[in-house]
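Below: one structure, written as structure tokens.
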Amino acid sequence: MAKEKDKKLVEAITSMDEDFAQWYTDIVKKVELIDYSSVKGCMIIRPYGYAIWENIQKDLDKRFKETGHENVYMPLFIPESLLRKEAEHVEGFAPEVAWVTHGGSEELTERLCVRPTSETLFCEHFSKIVQSYKDLPKLYNQWCSVVRWEKTTRPFLRTTEFLWQEGHTIHATAEEAEEETIRMLNIYAKHCEEVLAIPVIKGRKTEKEKFAGARATYTIESLMHDGKALQTGTSHFFGDNFAKAFNIRYLDKNGQLQYVYETSWGVTTRLIGAVIMVHGDNNGLKLPPRVAPIQVVIVPIAQHKEGVLEKANELKERLSKIVRVKLDDSDKMPGWKFAEYEMKGVPVRLEVGPKDIEKNQVVLARRDTMEKIVVSMDNLEEEVMKLLDDIHNNMLETARKNRDEHTYVATNMEDFKDIVENKPGFIKAMWCGDRECEDKIKEETGATSRCIPFEQEQLSSTCVCCGKPAKHMVYWGRAY
RNA sequence: CGGGGUGUAGCACAGGUGGUAGUGCGUAUGGUUCGGGACCAUAAGGUCGCAGGUUCAAAUCCUGUCGCCUCGACCA
């Protein structure tokens, strides 16, 4: 009887092998990361989910500031005429913007769009504040939400409104702007590996896949557990494209009017989706220690017995000086708590009961490997810190190994199709650089070009699709 | 925007052929428990997604509509 119940509870999360999409939905709901709202495609980010975002923000914001960026805030609304100033840009975004047509009961003379991204607002502002080469560069960033009226939505991965940061910078020269574009891409990559324990492929997007209005788009791509790729962050080089459309000019040292060179770059709450799908397992979420809202959860055993709660509180006090720690002294059974915090992805569980107190020890259980170790209370701080670092490194390596094991090489279309159908993952293949081949591959296999990686390999000399001489090695895959 | 599924208590669901709503989990209270999702007792909790229609009578039949999930085409 009891066993049947156990089974039922364990099955609360759909197995990822059985139905990955359902597994994902189960996680975001049951772990209480989000709730659905009454507006289609909009999600409520609950405290546990938002705390992950705050930790991501904290780390990224620090990295932005260390590289000289300043935070600003731009308006939510963009007048239609402003959005239309850059042709490619408006063409790319117009189909998915939300329009405000009324103020109160009055119809507006010009409708306003809810920002889908803020390039045009930054450009208009830059054109007003920049006169001289001495005003450059301007390195701005904003944390905000944007709205894109997407047709299908999924929590974190694609929502109608989503939280992000968008950096916008202007520079005197193209070289300087290019450098900035790459610098920020590297910051994203480092954040992913050092904080989220997600290994990424850095590279450039093809013309087909680049951002509307950009000269070049750089991207970090990661591989999810189901073998689908996720564009995890992007950094764009605009050249003087927007500068010309918005007339952003400055006087150089020689008294000549010059256009500025511009970049923009962003990551979103999608990063949380990536964390879920890269690290999670059938027991639930598995959070990398550096973003985990709770890094150590203390579960007292037989907490009604004398001295147990006192000791648990004492350990909590000690640990709270170095990690984010929670003591769960609720009336739930210990076993229930174990399962609960495993589902929530808490990296380390600390068990302390009468037997431990007697022996001056505690039990530490790690979420990544499910191993339990016994450590002395005397050097608890040291052991916990070491364990959290170990967990981070192990999670990063496990993710890297998983990605590498699901990265395949194709040298002809037959192999390419076979891989897409039977072995979900990244496909490395040579490409001639022609749009027709890229289109054909997408049409025939459903896979898109993810990026032209900076780290090139010569897999063969001919294009996987048409057989003409190859120009680049490209990562392909089905993507979110 | 097309295909499929779904909407009944906080959650998961049951309620062919119409008769005024039920089960499990959870919640509250009291007690026994506590090293891997405990048990007993008592109790609270629902305008059956919404709007029309048929009918003496609708969770059930009809029409419309909305939300959500999911698979495609488009996007971070």
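Just so it is clear, the values below take in all heavy atoms, side chains as well, and ignore hydrogens, waters and symmetry mates. Lettering follows sequence order; numbering is per chain, from 1.
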* Hey, does the Lys NZ or Arg CZ of A:Lys428 hover above the aromatic six-ring of A:Tyr408, less than 6.0 Å from the centre and inside 45° of the axis? -> no
* To do: May I ask you to establish whether A:Arg148 and A:Phe162 are in a cation-pi arrangement, using a distance under 6.0 Å from NZ or CZ to the six-membered ring centre and at most 45° from the ring axis?
  =>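 A:Arg148 over A:Phe162 ring: no.
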What nucleic acid atoms does [X] come within less than 4.0 Å of, heavy atoms only: base, sugar-phosphate, or nothing?
X: A:Thr159; answer: base
X: A:Leu230; answer: nothing
X: A:Val363; answer: base
X: A:Gly41; answer: sugar-phosphate
X: A:Asp331; answer: nothing

* Asked: Are any of the side-chain heavy atoms of A:Met333 and A:Lys337 separated by less than 4.5 Å?
  ->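 A:Met333 vs A:Lys337: side chains apart.
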Atom [atom1], compared across [N] and [M]: separation rounded to whole Å:
N: B:G35; M: B:G31; atom1: C1'; answer: 23 Å
N: B:U8; M: B:G67; atom1: C1'; answer: 16 Å
N: B:U27; M: B:C50; atom1: P; answer: 28 Å
N: B:C13; M: B:G46; atom1: C1'; answer: 15 Å
N: B:A9; M: B:U47; atom1: C1'; answer: 13 Å
N: B:U60; M: B:A51; atom1: P; answer: 13 Å
N: B:U54; M: B:G45; atom1: C1'; answer: 33 Å
N: B:G15; M: B:C61; atom1: C1'; answer: 16 Å

* Lys/Arg N to Asp/Glu carboxylate O, A:Asp226 vs A:Lys228, below 4.0 Å ->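 The answer is no: the pair does not qualify as a salt bridge.
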* **SB check A:Lys386 A:Asp390 (cutoff 4.0 Å)** => no
Let me know the distance between [atom1] of [X] and [atom2] of [N], rounded to the nearest Å.
X: A:Met370; N: B:G36; atom1: CE; atom2: C1'; result: 11 Å
X: A:Met333; N: B:C34; atom1: CE; atom2: P; result: 7 Å
X: A:Glu32; N: B:C11; atom1: CD; atom2: P; result: 12 Å
X: A:Asp26; N: B:C11; atom1: CG; atom2: P; result: 14 Å
X: A:Lys29; N: B:G7; atom1: NZ; atom2: C1'; result: 14 Å
X: A:Asn283; N: B:G36; atom1: CG; atom2: C1'; result: 11 Å

* Show your reasoning for whether side-chain hydrogen bond (donor to acceptor under 3.5 Å, both in side chains) applies to A:Thr263 and A:Thr181. => CA-CA 6 Å; A:Thr263 82; A:Thr181 313; 5.0 Å; no
May I ask you to decide if the ring planes of [X] and [Y] are parallel, tilted or perpendicular, using 30° and 60° as cut-offs?
X: A:His89; Y: A:Phe93; value: tilted
X: A:Phe126; Y: A:Phe122; value: tilted
X: A:Trp265; Y: A:Tyr188; value: perpendicular

* To do: Under the side-chain hydrogen bond (donor to acceptor under 3.5 Å, both in side chains) rule, what do A:Tyr341 and A:Asp328 come out as? Steps first, then yes or no, please.
  => CA-CA 10 Å; A:Tyr341 292 102; A:Asp328 188 345; 2.6 Å; yes
Check nucleotides 69-74 of chain B for protein N or O atoms closer than 3.5 Å to its own N or O atoms and list the pairs.
{"from": "B:C69", "atom 1": "OP1", "to": "A:Tyr36", "atom 2": "OH", "distance (Å)": "2.8"}
{"from": "B:U70", "atom 1": "OP1", "to": "A:Thr25", "atom 2": "OG1", "distance (Å)": "2.9"}
{"from": "B:U70", "atom 1": "OP1", "to": "A:Arg154", "atom 2": "NH2", "distance (Å)": "2.9"}
{"from": "B:A73", "atom 1": "N6", "to": "A:Thr152", "atom 2": "OG1", "distance (Å)": "3.2"}
{"from": "B:C74", "atom 1": "OP1", "to": "A:Lys442", "atom 2": "NZ", "distance (Å)": "3.3"}
{"from": "B:C74", "atom 1": "OP2", "to": "A:Lys442", "atom 2": "NZ", "distance (Å)": "2.8"}

* 5' precedence on RNA chain B between A:Met343 and A:Lys332 (nearest-nucleotide basis) -> A:Lys332
* To do: For A:Gln295 and A:Lys326, run side-chain hydrogen bond (donor to acceptor under 3.5 Å, both in side chains): C-alpha distance rounded to whole Å, both residues' side-chain angles, the deciding distance at 0.1 Å, then the answer.
  => CA-CA 8 Å; A:Gln295 294 172 303; A:Lys326 175 190 167 104; over 6 Å; no
* To do: Step by step, work out the side-chain hydrogen bond (donor to acceptor under 3.5 Å, both in side chains) result for A:Thr232 and A:Glu221.
  => CA-CA 6 Å; A:Thr232 310; A:Glu221 298 284 326; over 6 Å; no
* Structure fact -> Taking pairs as Watson-Crick (N1-N3 plus N6-O4 or O6-N4) or G-U wobble (N1-O2 and O6-N3), each distance under 3.5 Å, the stems of three or more consecutive pairs with RNA chain B are B:1-7 with B:66-72, B:10-13 with B:22-25, B:27-32 with B:38-43, B:49-53 with B:61-65
* ring pair (Phe, Tyr, Trp, His ring centres under 6.0 Å) between A:Phe211 and A:His236: does it pass, once the steps are laid out? -> CA-CA 7 Å; A:Phe211 182 81; A:His236 314 290; 4.2 Å; yes
* Which of residues 296-315 of chain A sit near RNA chain B, with a heavy atom under 4.0 Å from it? ->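 The stretch gives A:Ile301, A:Ala302, A:His304 as the residues lying under 4.0 Å from the strand, ordered by number.
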